[in-house]
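Here's the structure we're looking at; comments come further down.
The analysis underlying the following values was restricted to heavy atoms, covering all of them including side chains, and did not include hydrogens, waters or symmetry mates.
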Amino acid sequence: MNNKFLVTTADERSWAKDKSTLFLGEWCKRFSKKNKWENIDSITMPYHWSDYSKFNQDHKYLDTLYEKVLRSVVKCLNDLHDINGSVRYWRTIIGPWLYYFVQIFYDRWKMITSTISEYNIAETIIFELDSKDMIANDMSDFNDARYGSDIWNHWIYGEIIKQHSSVDITYLKILNKTILNKKKVSSYSTKDYSLKLLKYFINKLASSFKKIDYFFINFPKIQQWNLEISLKQFPTSWYSPSIKNYKLDMHKRNNIKLEMRTDNKFETLLLDIIPKQIPASYLEGYLPILNLTRKIDWPKNPKVILTYSSHNKDDFFKIWAAEKSRDGSKLVINQHGGHLGTGKINSHEDHEIKISDQYFTWGWNSKKYSITKSMPSLNLISKSRNFTPNPKGKMLLVLSSCPRYSTWMYSSFFSSHFTSYVDDQIKFISSLSEEIQKQVKIRYYIKNHGWDEKAQINQKLNIKEEESPKNKLNIKKSINQSRLYVATYNATTFLEVLAANFPTIIFWNPVSWELRDEAKQDFDKLHEVGILHYTPQSAAKKIEIIWNDIESWWFDPELQRIKNQFCEKYARTSSSWLPQWKKELTMISKDKDKFL
């Protein structure tokens with residue numbers, strides 16, 4: 001077998017264009033750079049999680065490993081900060097980053113070790129990078145600027161490659177300006193400052209009237225304020241302050257030793273690299289943030305804390321909430337999107353339920369956890385009234401995307417799988433008649449992950465009208481100008497339009513979007529009435545049949561019955577949501593015992 005030069009990322013500075021190359025994955029080969037990589041003598045390593053049974057098996061292993069590593073990290077952080085935080089306390093704070101990192105690092109390690117064992121990898125280029133520049137300031141920084149970037153992944157792959165003496169490494173110096181910078185503290189316009197000042201005075205006024213028993217953050221405001229008034233609490237509008245960029249203490253980090261018995265090479269390397277990667281907000285910044293949570297003019301002893309999403313990326317909120325939860329406040333997390341309750345694997349869902357005292361779902365209940373509670377979704381209630389089909393409108397095809405490098409684990413397409421997803425969109429449009437193809441509008445995903453999917457589709461198809469979140473036409477207007485909504489992934493958007501009773505066709509690969517057993521029957525019923533399809537060709541065929549009279553198909557009594565049953569379980573709304581929420585929150589606030 002010929003010797004290969006290993007390329008790990010799309011950063012061309014690490015390529016050797018005159019050598020027989022092995023690209024580690026499809027993420028290395030951006031479509032916009034096809035003229036550069038297609039002329040290289042190369043092969044591409046198959047993705048290790050293309051076998052979804054292996055993905056599911058690895059998730060079980062990594063979930064168990066995460067719990068072991070978490071306990072080791074808890075002991076370490078308690079010792080460093082001289083506190084006695086429980087596993088739940090630290091899970092609330094560092095849990096999202098830790099399970100992201102354990103899963104991400106395993107993926108990178110597996111790709112490198114599999115490649116080296118299967119091919120004669122003779123050499124590679126590794127950038128000379130300061131490890132400090134690879135450390136995120138907080139979870140938001142890690143999420144927004146680290147794990148999806150070429151430079152951070154190049155560094156991670158490099159740390160793994162260094163463990164293999166068989167690979168000849170050429171170290172390359174690169175300019176400082178190419179190195180990741182810390183997240184900048186947000187700068188606000190005059191309008192932003194005015195809004196924050198208004199919120200500040202609203203919260204001060206609320207606090208002066210009565211003790212704040214219910215703390216809401218990142219909630220639909222109209223529903224939240226109605227709910228607060230019904231609970232006899234003045235409406236509030238809380239927001240987290242920006243946190244500083246914290247100076248790293250590399251001496252302290254280098255002396256951290258995580259205690260966990262193992263003779264596994266991956267686990268040993270993982271335990272070694274975690275202290276070098278923990279965001280500053282959990283080490284150098286933890287005590288300053290903790291002090292800030294005690295000084296901020298937030299409620300001192302709320303009975304109930306409610307959030308949709310602050311528990312993931314908002315480190316200030318997470319530290320504050322962990323403190324209040326320890327003091328007796330009840331943490332209630334509300335389902336914030338789709339896939340939860342339906343996907344076979346969803347790491348977010350597991351984490352959210354484990355840190356909650358009560359977990360409000362959009363209709364489903366968990367067999368695994370007793371604290372889930374079916375409630376009308378305030379998110380869906382706030383949006384479902386906004387959508388009305390236009391019988392003369394076009395077809396809105398709504399696309400998703402994903403980072404080129406895998407992130408946290410959930411049953412979906414990810415990383416190299418995305419190329420198949422784009423192929424399915426091309427197959428779908430190509431299967432439509434020319435007349436209907438002219439009626440297709442594409443709405444691309446709001447974030448560009450570097451797959452260049454728009455260019456790929458444009459090269460194969462002549463879709464003149466396109467819809468993008470970046471232009472002035474928002475999603476509400478896009479939907480209301482359409483007669484049919486076509487969903488292509490298991491997430492929030494198709495639940496929003498179903499809840500609004502908007503004509504919808506769904507198609508996705510059932511292998512990628514694997515469902516949990518208790519949800520399969522409900523989705524099978526959508527399939528039976530022609531809403532859900534498992535191939536792009538099937539979806540296109542159905543649209544050809546109904547296109548000129550979508551209304552008759554959609555308002556068929558049997559279809560409506562099945563759709564309504566589905567929404568009651570996964571996209572629940574109710575005109576009487578207010579008394580239901582009031583009753584549930586009042587009951588939680590009066591319960592002195594923990595739910596967990």
Side-chain angles (χ1 to χ4, degrees), residues 26 30-32 34 337-338 383 386-404 412-414 417-498 500 502-509 512-513 531-544 546-547 550:
E26 295 295 336
R30 292 195 58 173
F31 185 80
S32 58
K34 186 176 181 179
K383 294 180 180 180
N386 296 331
F387 304 142
T388 304
N390 178 354
K392 302 292 184 181
K394 296 181 181 292
M395 178 199 308
L396 184 63
L397 176 63
V398 180
L399 304 190
S400 182
S401 187
C402 66
R404 284 177 292 124
S412 69
F413 60 71
F414 45 85
H417 298 157
F418 188 69
T419 57
S420 296
Y421 173 80
V422 174
D423 288 343
D424 278 348
Q425 310 315 308
I426 295 170
K427 290 175 184 176
F428 167 70
I429 298 172
S430 300
S431 299
L432 295 168
S433 66
E434 185 176 340
E435 177 187 352
I436 297 181
Q437 283 188 33
K438 294 177 181 178
Q439 301 298 315
V440 176
K441 287 197 300 183
I442 302 177
R443 188 175 182 91
Y444 292 94
Y445 193 65
I446 192 168
K447 189 170 184 179
N448 178 13
H449 291 292
W451 286 111
D452 307 315
E453 59 266 31
K454 184 175 180 180
Q456 292 186 57
I457 292 174
N458 284 347
Q459 184 189 66
K460 298 287 182 69
L461 303 166
N462 183 25
I463 304 298
K464 294 182 179 180
E465 286 197 53
E466 296 175 349
E467 195 55 61
S468 170
K470 293 182 179 180
N471 69 23
K472 294 181 180 180
L473 197 62
N474 62 33
I475 185 65
K476 176 184 173 182
K477 290 182 179 179
S478 298
I479 294 173
N480 288 339
Q481 290 179 1
S482 307
R483 71 173 82 175
L484 182 67
Y485 184 101
V486 179
T488 60
Y489 58 105
N490 182 8
T492 308
T493 56
F494 88 91
L495 296 177
E496 292 175 344
V497 290
L498 285 182
F502 194 100
T504 303
I505 289 285
I506 307 163
F507 76 89
W508 61 51
N509 184 334
S512 299
W513 299 98
I531 295 175
L532 174 62
H533 299 262
Y534 294 126
T535 68
Q537 294 88 349
S538 172
K541 183 178 180 180
K542 184 66 178 181
I543 291 171
E544 290 285 345
I546 67 173
W547 181 251
I550 290 176

Value rounded to 0.5 Å, distance of NZ in Lys441 from CG in Leu397
12.0 Å
Looking only at atom types and distance, does a side-chain atom of Gln437 sit under 3.5 Å from a main-chain N or O of Ile429, one as donor and one as acceptor?
yes
Main chain of Thr419, side chain of Trp451: is a donor-acceptor contact present, judged purely on distance under 3.5 Å?
no
Looking at every non-hydrogen atom in both residues, tell me the closest pair between Ser478 and Arg443 and how far apart they are.
OG-NH1, 3.1 Å
Return the CD to CZ distance between Glu26 and Arg404, rounded to the nearest 0.5 Å.
12.0 Å
So how far is it from Thr493 OG1 to Leu498 CG, rounded to the nearest 0.5 Å?
9.5 Å
Considering all heavy atoms, the nearest Ser401-Phe418 contact
CA-CE1, 3.5 Å
Heavy-atom pair with the smallest gap, counting every atom of Gln425 and Phe507:
OE1-CZ, 3.4 Å
To the nearest 0.5 Å, atom OG1 of Thr535 lies from atom CG of Asp424 at 8.5 Å
Of Tyr534, Tyr421, Phe413, Phe494, the residue whose pairing with Trp508 passes ring-ring contact (aromatic ring centres under 6.0 Å, His included):
Phe494
At their closest point, which heavy atom of Thr492 faces which heavy atom of Gly338, and how far apart are they?
OG1-N, 3.0 Å
Any side-chain to backbone donor/acceptor pair from Arg483 onto Pro503? Under 3.5 Å, distance only.
no
Within-4.5 Å side-chain heavy-atom neighbours: Leu399 and Ile457
yes
Worked check of side chain to side chain contact (heavy atoms under 4.5 Å, CB included) between Val440 and Leu461
CA-CA 11 Å; Val440 176; Leu461 303 166; over 6 Å; no
Measure across Arg30 and Gly450 and return the closest heavy-atom pair with its distance rounded to 0.1 Å.
NE-O, 2.9 Å
Where the side chain of Gln537 meets the backbone of Ser431, is there a donor-acceptor pair that is under 3.5 Å apart?
no
Give me the ring orientation class for Phe502 and Tyr485: parallel if the planes are under 30° apart, tilted from 30 to 60°, perpendicular past 60°.
perpendicular
Do Tyr489 and Ser512 have a side chain donor and acceptor closer than 3.5 Å?
no
Between Trp547 and Leu432, is any pair of side-chain heavy atoms under 4.5 Å apart?
no
Checking the side chain of Thr488 only, and the main-chain atoms of Val398 only, is there a donor and an acceptor separated by less than 3.5 Å?
yes
Can you confirm whether Ile505 sits close enough to Met395 that some side-chain heavy atom of one is under 4.5 Å from a side-chain heavy atom of the other?
no
Is there side-chain contact between Lys438 and Glu434, with heavy atoms separated by less than 4.5 Å?
yes
Can you see which heavy atom on Glu453 is nearest to which on Tyr444, and at what distance?
CG-CD2, 4.0 Å
So NZ of Lys34 and CZ of Phe31: to nearest 0.5 Å the spacing works out to 5.5 Å
Does Asn480 use its side chain to pair, donor to acceptor, with the backbone of Thr388 at less than 3.5 Å?
yes
Check whether any side-chain heavy atom of Ser412 sits under 4.5 Å from a side-chain heavy atom of Asn490, and report yes or no.
no
To the closest 0.5 Å, what do you measure between CG (Asp452) and CD (Gln459)?
11.0 Å
Would you indicate whether the side-chain heavy atoms of Glu544 and Ser433 approach each other to under 4.5 Å?
yes
